[in-house]
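I have placed the structure first, in the form of structure tokens, so that the comments after it can refer back to it.
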Protein chains: 2
Amino acid sequence: MMEEEYLSVYKCLGDITRLRILHLLQREPLCVCHIQDVLGEPQPKVSKQLAYLKRHAMIESMRHANWTIYRLPSEPGTFLSQNLKCLESLVFHESVFQEDLKRLKRVDTSAACLS
Amino acid sequence: MMEEEYLSVYKCLGDITRLRILHLLQREPLCVCHIQDVLGEPQPKVSKQLAYLKRHAMIESMRHANWTIYRLPSEPGTFLSQNLKCLESLVFHESVFQEDLKRLKRVDTSAACLS
DNA sequence: CCGGAATATTCCCCAAAGTGCATATTATGT
DNA sequence: ACATAATATGCACTTTGGGGAATATTCCGG
């Protein structure tokens, strides 16, 4: 039997790398290499956490040529949405996430996979 | 260095037993044996999860004669409060938690430790 | 068909968590 | 002091998670 949605969500939110990823994806869909660049974390680590999030239905992915684009679900459950709102207002202003945003802007313009 | 509050909170919320406990404590302070009765879980399990929650500053405790009374913090952080609100509106109506509430009412009246 | 870029997966290690069972601790009443 | 109730802790075990390093896969261009 499947685990309750809310437990999955909380487990997903209990890791800083996953939080950083969700924070980025809340801004826009991104491919792995962009996330990797922004986070400054090794590629396998990023891929694994993306897989973890997808396994728990927190994100979706679509292959686009050589790249895999990840994004928040088209219809995110109420519970997930609520928690993202909560994060937005109480957590995402912290420096870790704001630094990520700065790097995202820089990386985003020179994007090869955004064709 | 200490872990960020929000990560602690999410880790605490990612377990059904701890959620059930928090749900009960949101109603009123309770001693271990009442929680144990309501949850129908073995006493060491309950005690350990209470210890976990306390270690992460999600609850407080005070010894009262033979009993230890647990309760939500007198001044719960904004983040915790927000999440409890979210749970209240989206999760706590589920049957697991409602069944707990029923048992709580039954148990509560015949309380010995509420002197 | 081949080389290279982007991504996913595997293996290994270690730490943390969750649980059952048994035992220790603490406080109470006699 | 002792028995007992309430609670906490310890031990053993299993699972999960997180991370690094290496390797596999997938897809493109030539």
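Atom set for the values below is all heavy atoms of this structure, side chains included, hydrogens, waters and symmetry mates excluded. Throughout, protein chains are lettered first and strands after them, A, B, ... in sequence-line order, and every chain is numbered starting at 1.
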Look at the rings of A:F92 and A:H23 and say which category their plane angle falls in: under 30° parallel, 30 to 60° tilted, over 60° perpendicular. tilted
Provide, to the nearest angstrom, the distance between the [atom1] atom belonging to [X] and the [atom2] atom belonging to [N].
X: A:I21; N: D:dG18; atom1: CD1; atom2: C1'; answer: 13 Å
X: B:R55; N: C:dA16; atom1: CZ; atom2: C1'; answer: 10 Å
X: B:L7; N: C:dA16; atom1: CG; atom2: C1'; answer: 15 Å
X: A:I69; N: C:dT7; atom1: CD1; atom2: C1'; answer: 12 Å
X: A:I35; N: C:dA6; atom1: CD1; atom2: C1'; answer: 13 Å
X: B:Q36; N: D:dA5; atom1: CD; atom2: P; answer: 13 Å
X: A:K54; N: C:dT7; atom1: NZ; atom2: P; answer: 13 Å

Might you work through the side chain to side chain contact (heavy atoms under 4.5 Å, CB included) test for B:R18 and B:Y52, ending with a clear yes or no? CA-CA 9 Å; B:R18 290 194 289 264; B:Y52 186 106; 3.6 Å; yes
Side-chain heavy-atom pair [X], [Y] within 4.5 angstrom cut-off:
X: A:L22; Y: A:L72; value: yes
X: A:H64; Y: A:T68; value: no
X: A:K11; Y: B:Y10; value: no
X: A:K45; Y: A:K48; value: no
X: B:I59; Y: B:K54; value: yes
X: A:L13; Y: B:L13; value: no
X: B:D15; Y: B:Q49; value: yes

Neighbours of DNA chain D within residues 11-20 of chain B, by heavy-atom distance under 4.0 Å: none
Classify every nucleotide of nucleotides 24-30 of chain C by which part a protein heavy atom approaches to under 4.0 Å, writing B for the base, S for the sugar-phosphate alone and - for neither, in 5'-to-3' order. ---BS--
Measuring from A:E94:CD to A:L19:CG, what's the distance to the nearest 0.5 Å? 10.5 Å
Rounded to the nearest 0.5 Å, what separation is found between the CZ atom of A:R103 and the NE2 atom of A:H34? 14.0 Å
Near DNA chain C, counting only heavy atoms under 4.0 Å, which residues of residues 39-53 of chain A show up? A:Q43, A:P44, A:S47, A:K48
